[in-house]
Amino acid sequence: MKKSIVFTCISVLLFGFTAYAQENWQLYDDFNSGQIDLQKWEIDDSSATITVENGRAKFVHEEGHVRDGSYLIPTQGLKTLKGIKATITVESCTGDVRARLSGFTGKIGDDYVWSAHEIRADRDYIPSSLAVLGPAPGYVYKYDYFWGRFKKPLDFIGLPFTLSMVLSRDQANYGVEGQGELEFLFPNKLSPTDDYYKGIGTMSVTGVGTCTAYFDDVYILRQPQAQAGNQLLLLDE
């Protein structure tokens with residue numbers, strides 16, 4: 001499903017991230033097979049060419065795709081996927097194209113809460129954000145819930161940055177290796193989402209610019225589970 005989201009961000013910045021089960025990160029794909037494994041990934045290549053080059057997923061984002069993103073979306077256990085982490089290297093970028101981690105974390109009534117953690121080479125920083133979107137299938141932007149950024153300026157071109165995003169109905173946690181962490185606590189616990197999308201990819205709001213970005217060493221964090229009789233329970237529900 002296409003996720004093309006625009007943010008008009010507010011500035012809310014919180015530090016004090018509590019390491020969330022860091023020892024439980026599991027390697028999902030290092031792309032050493034030389035191709036996109038269709039047993040692991042759903043491909044949305046509507047605005048970018050996605051290949052594997054030298055053991056990394058390569059996104060070449062194309063000019064002219066307004067509010068359009070391309071993604072690799074995990075297909076294995078997406079419902080229990082709580083966190084995603086990847087090492088991202090931007091080779092070149094123009095316009096407002098960004099390389100990102102993104103996905104849904106919960107709902108407020110019929111509305112969805114959308115999260116993005118991304119490299120903005122045009123602005124020399126890494127922002128993290130949450131927005132409230134209207135019901136499917138339109139997902140119309142309604143308002144901002146959170147916006148924060150890591151230190152500025154950062155040099156991105158040709159340098160690897162490891163980004164992590166951990167989402168729950170209670171909080172959202174964002175990390176950049178060597179730069180620190182951000183945490184946002186929801187004032188009220190979110191309702192469970194019925195759209196479990198989370199993925200890696202590129203996106204442009206204006207459609208201006210191109211970008212070549214590489215993603216490597218994608219790790220995932222699973223939601224804890226417990227058994228109650230014959231029923232499997234998600235501990236976050």
Side-chain angles (χ1 to χ4, degrees), residues 1-13 42-50 57-73 84 86 88-108 111-157 161 163-165 167 172 174 176 182 184 193 195 197-215:
M1 180 179 295
K2 176 66 59 185
K3 305 297 183 295
S4 302
I5 310 303
V6 182
F7 299 101
T8 305
C9 296
I10 58 175
S11 294
V12 182
L13 183 59
E42 175 186 344
I43 301 174
D44 175 352
D45 57 0
S46 60
S47 59
T49 300
I50 306 173
K58 181 181 181 181
F59 285 69
V60 180
H61 196 94
E62 302 164 352
E63 180 93 21
H65 295 273
V66 178
R67 301 180 182 179
D68 191 9
S70 284
Y71 301 98
L72 290 178
I73 305 163
I84 189 164
I88 305 172
T89 305
V90 175
E91 181 179 273
S92 61
C93 231
T94 60
D96 73 333
V97 186
R98 69 286 310 267
R100 60 175 7 189
L101 313 177
S102 56
F104 290 112
T105 182
K107 296 181 73 176
I108 300 174
D111 297 330
Y112 291 82
V113 179
W114 168 267
S115 175
H117 186 33
E118 54 196 16
I119 291 177
R120 291 292 303 267
D122 60 326
R123 297 187 177 179
D124 301 322
Y125 63 67
I126 297 174
S128 308
S129 55
L130 293 161
V132 176
L133 313 178
Y139 298 105
V140 175
Y141 167 81
K142 287 193 170 183
Y143 60 91
D144 303 297
Y145 216 173
F146 164 82
W147 187 90
R149 68 168 174 81
F150 291 78
K151 72 177 184 179
K152 180 181 179 178
L154 292 173
D155 293 326
F156 289 115
I157 303 304
F161 286 80
L163 277 63
S164 62
M165 180 177 73
L167 304 173
Y174 306 95
V176 179
L182 303 178
F184 179 76
T193 185
D195 189 331
Y197 162 86
K198 294 179 182 67
I200 61 175
T202 57
M203 198 275 283
S204 171
V205 173
T206 66
V208 176
T210 62
C211 190
T212 299
Y214 295 87
F215 293 77

Sorted by chain and number, sequence neighbours left out, ring-ring contact (aromatic ring centres under 6.0 Å, His included) with F215 holds for F59
Between the CD1 atom in I126 and the CZ atom in R149, the distance rounded to the nearest 0.5 Å is 11.5 Å
Distance-only, no hydrogens or angles: does the E63 side chain make a donor-acceptor pair with backbone N or O of G209 under 3.5 Å? yes
Any donor-acceptor N/O pair, R98 side chain to D96 backbone, under 3.5 Å: yes
Using modelled atom types only, decide if a donor and an acceptor are shared between the side chain of T94 and the backbone of T210 within a distance under 3.5 Å. yes
Please round to the nearest 0.5 Å and tell me the distance separating atom CG of D68 and atom CE of M203. 9.0 Å
With a 3.5 Å cut-off and no angle check, do the side chains of H61 and T202 form a donor-acceptor pair? yes
Close side-chain approach of S204 and V66, heavy atoms under 4.5 Å: no
Give, for atom OH of Y143 and atom CG of L133, the distance between the pair rounded to the nearest 0.5 Å. 10.0 Å
Please enumerate all residues that pass side-chain contact (heavy atoms from CB on, under 4.5 Å) together with S92, with sequence neighbours excluded. T212
Sequence neighbours excluded, which residues qualify as salt bridge (charged side-chain N to carboxylate O under 4.0 Å, His left out) partners of K151? none
So CD1 of I88 and CD1 of I200: to nearest 0.5 Å the spacing works out to 7.5 Å
In terms of heavy-atom contacts, G106 and T193 come closest through CA-CB, 3.9 Å
Going through the distances and angles, do S115 and F146 end up as a side-chain contact (heavy atoms from CB on, under 4.5 Å)? CA-CA 9 Å; S115 175; F146 164 82; over 6 Å; no
Of all heavy-atom pairs between I157 and C93, which one has the smallest distance, and what is that distance? CD1-N, 4.4 Å
Got a sec, which residues hit ring-ring contact (aromatic ring centres under 6.0 Å, His included) with H117, two or more places apart in sequence or on another chain? F150, Y174
Tightest non-hydrogen contact, residues V97 and C211, listed as CG1-CB, 3.4 Å
For a quick test of reading the model, state the closest non-hydrogen atom pair linking G201 to Y71 and the distance between them. CA-CD2, 3.8 Å
Looking at Y112, I'd like to know if the NZ or CZ of K107 sits under 6.0 Å from its six-membered ring centre while staying within 45 degrees of the ring's axis. yes
Roughly how far apart are K198 NZ and I73 CD1, rounded to 0.5 Å? 11.5 Å
Nearest heavy-atom neighbours spanning S46 and H65: O-CE1, 3.2 Å
Testing the basics here: between M165 and G103, what is the closest heavy-atom pair and its distance to 0.1 Å? CE-N, 4.1 Å
Below 4.5 Å, heavy atoms only, C-beta onward: do L72 and I43 meet side chain to side chain? yes
So, the side chain of S70 versus the backbone of D44: is there a donor-acceptor pair under 3.5 Å, distance only? yes
Tell me, which pairs form a salt bridge (charged side-chain N to carboxylate O under 4.0 Å, His left out) where one or both residues lie in residues 121-138, sequence neighbours left out? R120-D122
Please work out which of the three classes, parallel, tilted or perpendicular, describes the rings of F104 and W114, given edges at 30° and 60°. perpendicular
According to ring-ring contact (aromatic ring centres under 6.0 Å, His included), who are the partners of F156, at least two apart in sequence or on a separate chain? F161
